[in-house]
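Each remark here refers to the structure printed beneath this line.
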Amino acid sequence: MKVLIFDAYGTLFNVKMPIKALENILGMESSSFLDVWRQKTLNYTWLRTLMDAWLPFDKVVEDALNYTLEHFRVEDEALRMELLHVYLDPVCFPEVETFLQTHQSLGHKMAILSNGSPQMLNMGVVQNNIDGYFSGLFSSNEVRKFKPSPKIYQLVHEHLAIGTDDVIFFSSNAWDVAGASNFGWKSIWVNRNRQPFDHLGLKPWRAIYDLLEF
Ligand code: 2OP
C-alpha cells in the first residue's frame, strides 16, 4: 500500500502570494517581507519546540508577523489582518487538485501532516475544495511539538495502520524533508524555489520541482 502524506504550507498552499497592499507600501521589499515572516515563523516553531513552550501555529504565525511588521516599520491593521489570511484561507498551488485527482483514482490513500492547527487545515482544504481527497489532517496540536520533532511524524502511524515503508512524504521545506527522512520515511522534496538542499547529513529520496513531476 502507498500512502502519500503532504506538508501543508509551501507544499499544497502558497504562502508567498503577492499582496498588493504590501507592495504599495514596501515596493520591491515586499518579497523580502514575506521571506522574513516565513523564516521567523519557522524559527519560532523550532525555538518553542526546544523550549517545550508550544503554542498553536496560528498564534506563532501571528507573533512572527508582528515581529516582521515591526522590523519593516509597517503599522497598518487592515494589512496585518489581510496578511494573516494568507494562512487562514490559503490558496493552493495550481497543480495540486489535478495531482490529488490522479492519485485518488490510482487508489492511493492521502493525508496532510502539518504544524497547522486543525481549524486552519480544515479551512484550507474546504476553501480549496480538496477536503474529499484526504483520509486525515494530522496536526501538531495533538503532540504539542512542531516539525521536525520525530513525535509529529509518528502521529501518522498512530492514526493510520501503516508501516514506515508505506509512506511517501512530500514537502517543499528542505528541513521538513530532512526531518521525515531522519524519521525513516521516503521523502520527496518539492523544490518549488530551486534552492540547494540543506546540509544536515540527510538526503531526499527524490527531488522534483512541482507535484506533477512525481
Ligand atoms: C507545515 O505545514 C510549516 O509548512 C509547514 O507544517
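Each ligand, and each atom within it, is numbered from 1 in the order the structure gives. Positions are given from 1, in the same order as the sequence printed here. Model, not experiment: these values are computed from the prediction.
Contact annotation for T45 and ligand 1: no heavy atom of the residue comes within less than 4.0 Å of the ligand.
Geometrically, R192 engages F93 in a cation-pi contact, judged by NZ or CZ lying under 6.0 Å from the ring centre and within 45° of the ring axis. Taking the centre and axis of the six-membered ring of Y209, the NZ or CZ atom of R194 falls inside the cone set by 45° and 6.0 Å.
Here is the list of ligand 1 atoms found below 4.0 Å of a heavy atom in N173: 4 (O). For ligand 1, the atoms sitting less than 4.0 Å from at least one non-hydrogen atom of A8 are 2 (O), numbered in the order shown with element in parentheses. Close approach of ligand 1 to K147 is summarised as follows: ligand atoms under 4.0 Å from at least one heavy atom of the residue are 1 (C), 6 (O).
Comment: K40 does not engage D63 in a salt bridge, judged by the lack of any side-chain N to carboxylate O separation of less than 4.0 angstrom.
Using a 4.5 Å cut-off on side-chain heavy atoms (C-beta onward), H103 and F214 make contact.
Closest protein heavy atom to atom 3 (C) of ligand 1: N115 ND2, 3.4 Å. Among protein heavy atoms, the minimum distance from atom 5 (C) of ligand 1 is reached at D7 OD1, 3.0 Å. If you check which protein heavy atom lies closest to atom 4 (O) of ligand 1, you get Y9 O, 2.8 Å.
Annotation: R38 places an N or O atom under 3.5 Å from an N or O atom of ligand 1; distance criterion only.
For the salt bridge (Lys or Arg N to Asp or Glu O under 4.0 Å) test, no residue two or more places apart in sequence or in another chain qualifies with K203.
Between the side chains of R38 and N173, at least one donor N or O sits under 3.5 Å from an acceptor N or O.
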